[in-house]
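A, B, ... follow the sequence lines: proteins, then strands. Residue 1 opens every chain. If you're wondering where the values come from, they're calculated on a predicted model, not measured in any experiment.
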Amino acid sequence: MSSAPSNTDQHAGEETGGTAHRYTARLAGDIEARWQQYWASHQTFLTPNPGMPGWDGDKPKFYCLDMFPYPSSAGLHVGHPEGYTATDIISRYKRMRGHNVLHPMGWDAFGLPAEQYAIKTGVHPAKTTRESIDNFRRQLQRFGFSYDWSREFGTIDEGYYKWTQWIFLRLYNAWFDPEQNKARHIDELIAMFERGDRPVRFNQEAAELDSNTRGRDLKAWGELDEATRHAVLASYRLAYIGEQTVNWCPALGTALANEEVIDGRSERGSHPVVRKPLKQWMLRITAYAERLLDGLAGVDWPESTKTQQTEWIGRSVGAHIDFEAGKRRIRVFTTRPDTVFGATYMVLAPEHPMVDELLGEKYGDTVPKAWIGGGFDDAEDLVARNATPRELVDAYRSYAAGRSDLERQAESKTKSGVFIGAYALNPASGERVPVFIADYVLMGYGTGAIMAVPAHDQRDFEFAQVFELPIRDVAYPRLYQAMHFYAEHIADEERADDERWRGVLADFLGITTSRDGDPESFAELLAQVRKPRVEQGEAPEWRREFIEGAQLDAVGGTGLRRGSVKITWLDAIEGLGFKDAEDFVTTFEHGGLYTKLGEAMPGVGRMVNSTGEGVSLDGLTVDEAKARIVEHLEVVGRGEAKVNYRLRDWLFSRQRYWGEPFPIVYDEQGLHRAVSADALPVTLPDLADYTPEVSDDPKPLLAKATEWINTRAGIAGVEGLASDAPVTREANTMPGWAGSCWYYLRYCDPHNDERLVGEEAERAWMGENGVDLYIGGAEHAVLHLLYARFWHMALYDLGEVGSPEPFRKLFHQGLITSYAYARPDKTLVPVDEVEERADGTFVETATGNSCTQTTAKMSKSLKNVVNPDDVIAEFGADTFRLYEMYLGPLEQSKPWNTRDMVGMQRFLQRAWRLTVDEETGEGVFLEEANPETEKALHRTIAKVGGDIERLAFNTGISAMIEFVNGATSAKPSGLTRDQASRFALILCPFAPHIAEELWGIAGNGPVCSLHPWPAYDEAMLTDDEVEIAVQIMGKTRAKLMVPADAAPKAIEDMAMSDDAVKALIDGKTVRKVIVVPGRLINIVAN
RNA sequence: GCCGGAGUGGCGGAAUUGGCAGACGCAGUGGAUUCAAAAUCCACCGGGGUAACACCCGUGCGGGUUCGAGUCCCGCCUCCGGCACCA
């Protein structure tokens, strides 16, 4: 066995007085350096894989993962160590509890900042990134994290991105089989074609729209030429080339994210940005929409993150409905097929491919002027000179293309669009309805076309207002129905008892009722029906009754009571913005509600105006009507039920340099070809100049590497072509998310040259449910965490991994913020421009104006960034670790305050002093344990263990502080060697360096980090006697010591015989006594 | 606008299941020690009230349920995060 590192203090003697061995930052630094070196040289945290020496397959596994950092040149931020300390505590604890723990670290190192730095300085990103990694590693190692550093890698390592490319090839060579709801190898698809089978496509609509492949896969496979086969297969692959509208910035020579575009200009440099369709690599994540959704039910993730993913995937249940337009059919998706009779016009997305085919030659004389075009720049001129539909459509398209998504949203208040001079037939009513294009309909969602039901959809309503289109109501709002009901029944049954009425009304309205038949909340009902709308021209017989009745309470004079709030119909009417009931009824009778309300109604009651050839929905509820109309449409072949997802396929190409090259080349025909797996990695070539080219034509940076781009099949490693056949490499690179999609798998087996991860290692660490604990920031809730799940599911389908989900339990640490100072107008002032005055208020130094203290994200501009290196130098790593964990609950965002750090330093000093003589550095121990201290230790062991399990580190640390304070002030004070050893063990996960030192001083050999967690005695957790509170009428009036196991009756007797209690209840009648054993007794007396 | 989360002393926070609100830490006040300081130790530390007790009030605001509410219900306010013309 190796000996413990020398405890000789090289600084001894340098300090004066009797505290040469006080636990100061200097001593802490010394201890920390020594133990870090010991752990490293003894490979304490080296984790063997199955088959390696030291592997024990009988232990349960625990895979504890951090989101690996992007190593920026700025170095570590104090936010980083928060999550890392948490996972380190758990990892160390689980190790001590007898688990095989996998706790790795690595680098997410491809990405934009390094490339932008290269553009600025001309230094190769590889160089700067490597330097940043070295700095990050150095900083992380100062914290004493128990990572198995032998498993470290970066996503930029060739040995790593080789496998990223390999996974891309797996996706490329796979298709999604909707019948089996899983991905399968492309060879199985080819085999099916060869057999003459016709496999179902995942995305049938896309196939129909895609004129390249339409119909071709219906022919016998053998009859197709190679290019056609290639195109057919390409349309099935999980990785495919698709056309996507992007924000293209010609000056920067790259596509930009929506967030990077402000007012049609690039955020950087303010260059113009246009929307441009661009052919790019896409990943078919939409095939997994359902599984990505369903899988969330089985994982232990924060609700907020599950909700975000659920909304991102955006499942909508509805129907496809076909509208006939001449020989063509326009297919729409709607969630409200029940309102199809109210569809008085149609809208297609401006870029909808069918627009050109439908376009009318000119507008007829009967076309209302208001229809022709409106809401955009050139519309008036064009309309004034009788422009053709073609001209207007072209003008509108270029207008729409010139606007970013952000602009569209900002200007969403006014609807714009163009009537394209064509009509379609409403398949339910048979009515001829005009067809428009408008940018409020998005090509990327549903079918890119809608049936517009202005009466029941707010956007359609607004559009109808601008273009003066007819609005037809087909679904009654509930309040209107309630009024009808009131007129028909309640007026006659004024004497009917409340309960019965409420039950009937609630039932009629479809409101959940509680046991007594009370609508759960009348306000809830109002919220659902908010704006009533009624049929024009219908003369209600109940007018008089209604107006009079509305003066009274709704329910026979008593009203609906909810808490103290009484709601009457009159309240409801006024809540809707009407003067009084008369005003409402007048408006109602004149059909002016749309104008008055300026809103569409959801229409959640029963159907009206909905009778057509072969089908009628009148009188049905919304749900019944949905089912009926879909059934009808299916029978007549005009539609079908359809579940639609908001999720779109993943745009996977970037025009950047610093990313993984695609393992793809193009042959002389321009067909994409895979680089064979043996030829991987496709290494990233060096580039001398990283400046993007100014261009209208999207051109990736890698296109500058002409020698690399233009090569031969043999050199590129492409099979199936002559080795001297010229090929062109794919010049786009993969996005930053690619490397982080599967790094957790690589940690299981980081040095494997044969596979992305060895099967045995993958099963051992990932098991059935994947990573056991994954901690990282909430900002990745939908991006990284969704992409990684998608890749994992595909790899699962293809047999590469054995767990259906990658991360069983996910946890987000909160943001570490910093104090900041705000002026009265809420702008922030840098911290060094603010002074604190004696009275505790703050002023801006320059102006003398007062500021308020607040919290904000740390930022360079506010000068409130804290550098971990400085903090460690001042206090030591153990104190730093404790401080960050003690700040508050892990998931909460918390303000950093260096001043508070001293509390944790004092705690460690007291813990040190408890068993170490500050003058000599020798251990000082009790011979015999103080029983109170022993009891406290058992409780602390139990508490700390439980708190670690539930990630409540702040309260666990509190418990240890209380223990140390208690043991210090106890008589006799101090610990035995055995007690000191057990305390060192529970301290170890939090503050491992000082724990190792105390462990050694207590006479143990190294290392406590691998020692089993101490046991506690259940019997020691309870007292024989407990103090309970005596409450009179719920207020604590006295305390009472009672035996812990006293029966309720005995406690009551004791309390009643207590003099103080007697005095308090003197002259009162005891009505009731409640006893909560071990806690309190409450005497109800008055 | 929609969805999610949170509001507790001067500050960070605790109260795990409806059961003694404010554990623990910081800051502050008073004292001991010291030539002095640092460090350490002791006491106090939500508001009102009292010589001291007693007592009253108090977990964003207004109601409610309960013997008892920071915790549950209803209605608001504020802050943070996410999404946003998704048919």
Side-chain angles (χ1 to χ4, degrees), chain A residues 17 19 22 24 302-308 310-312 314 316 318 332-336 347 405 408-409 411-413 415 438-442 444-453 457-460 462-463 520-524 562-565 644-648 778-779 781-782 815 819 840 853 855 882-883 886-889 891-897 899-904 906-907 909-910 913 918 946-947 950 952 954-955 957-962 965 968-969 1027-1039 1071-1074 1076 1078-1085:
Chain A
T19 55
R22 163 162 296 170
T24 58
E303 269 322 303
S304 60
T305 303
K306 286 198 202 180
T307 306
Q308 275 185 56
T310 302
E311 285 174 4
W312 191 263
S316 296
V332 304
F333 172 73
T334 176
T335 54
R336 291 294 302 272
V347 185
D405 283 349
R408 284 194 184 196
Q409 285 161 27
E411 294 169 19
S412 67
K413 280 166 202 151
K415 293 281 181 287
D439 65 359
Y440 82 91
V441 173
L442 310 174
Y445 183 77
T447 62
I450 62 159
M451 62 176 208
V453 185
D457 181 281
Q458 181 61 20
R459 295 152 304 179
D460 297 343
E462 285 163 15
F463 190 87
E520 274 203 342
S521 150
F522 191 75
E524 201 173 87
R562 194 74 212 175
S564 66
V565 183
N644 195 54
Y645 296 91
R646 215 184 66 167
L647 185 70
R648 304 189 194 169
E779 67 274 17
V782 286
L815 206 63
Y819 285 112
Q853 192 178 46
T855 54
L882 282 170
Y883 171 70
Y886 191 67
L887 263 178
E891 69 275 18
Q892 231 169 69
S893 129
K894 301 157 290 251
W896 177 278
N897 190 359
R899 192 172 66 176
D900 292 351
M901 188 81 74
V902 70
M904 290 302 107
R906 285 180 193 152
F907 161 56
Q909 280 176 344
R910 282 196 295 271
R913 204 155 48 223
E918 290 189 332
D947 282 353
R950 61 187 186 98
N954 52 337
T955 53
I957 294 168
S958 289
M960 288 190 288
I961 294 172
E962 284 181 85
N965 290 348
T968 301
S969 57
E1027 188 186 61
I1028 65 164
V1030 181
Q1031 296 185 340
I1032 317 286
M1033 297 298 287
K1035 290 189 191 265
T1036 305
R1037 298 294 181 184
K1039 300 287 174 72
R1071 311 225 172 253
K1072 197 173 177 184
V1073 176
I1074 291 113
V1076 183
R1079 290 213 182 253
L1080 56 74
I1081 171 169
N1082 189 10
I1083 300 163
V1084 184

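- For B/G13, the OP1/OP2 oxygens have a side-chain nitrogen or oxygen of A/Gln892 closer than 4.0 Å.
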List every contact pair, protein side and nucleotides 43-45 of chain B side both N or O, where the distance is under 3.5 Å.
none

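- Under the 90° criterion around 0 for the glycosidic angle, B/G9 counts as syn.
- Across all strands shown, A/Ile1074 has heavy atoms under 4.0 Å from base atoms, whether or not it also approaches the sugar-phosphate.
- A/Lys1072 has a side-chain polar atom (N or O) that falls below the 4.0 Å cut-off from OP1 or OP2 of B/C67.
- Within 4.0 Å of A/Pro302, counting heavy atoms only, lies no atom of the nucleic acid at all.
- Between A/Gln909 and B/U40, a side-chain N or O to OP1/OP2 separation shorter than 4.0 Å is present.
- In this structure, the side chain of A/Tyr883 does not engage the main chain of A/Trp896 through any donor-acceptor pair within 3.5 Å.
- Nearer the 5' end of RNA chain B, as judged by each residue's closest nucleotide, is the contact made by A/Gly888, out of A/Gly888 and A/Ser969.
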Could I get a table of every N or O pair under 3.5 Å where one atom is in the protein and the other is in nucleotides 22-28 of chain B?
from	atom 1	to	atom 2	distance (Å)
B/C24	O2'	A/Tyr886	OH	2.6
B/C24	O2	A/Tyr886	OH	2.4
B/G25	OP1	A/Asn965	ND2	3.1
B/G25	O4'	A/Tyr886	OH	3.0
B/C26	OP1	A/Arg906	NH1	2.6
B/C26	O2'	A/Asp900	OD1	2.4

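- Within the 4.0 angstrom heavy-atom criterion, base atoms lie near A/Arg648.
- The listed nucleotides are B/C3, B/G68, B/C20; the one nearest the side chain of A/Arg1079 is B/C20.
- Annotated stems with RNA chain B as a participant read B:1-7 with B:77-83, B:10-12 with B:24-26, B:28-32 with B:40-44, B:46-48 with B:55-57, B:60-64 with B:72-76, given as range with range, by first number; only runs of 3 or more Watson-Crick or G-U pairs under 3.5 Å qualify.
- If you check every strand for non-hydrogen atoms under 4.0 Å, A/Glu303 touches nothing.
- At the heavy-atom level, A/Arg913 lies under 4.0 Å from the strands shown only through sugar-phosphate atoms.
- Side-chain N/O atoms of A/Ser316 include one lying less than 4.0 angstrom from OP1 or OP2 on B/A87.
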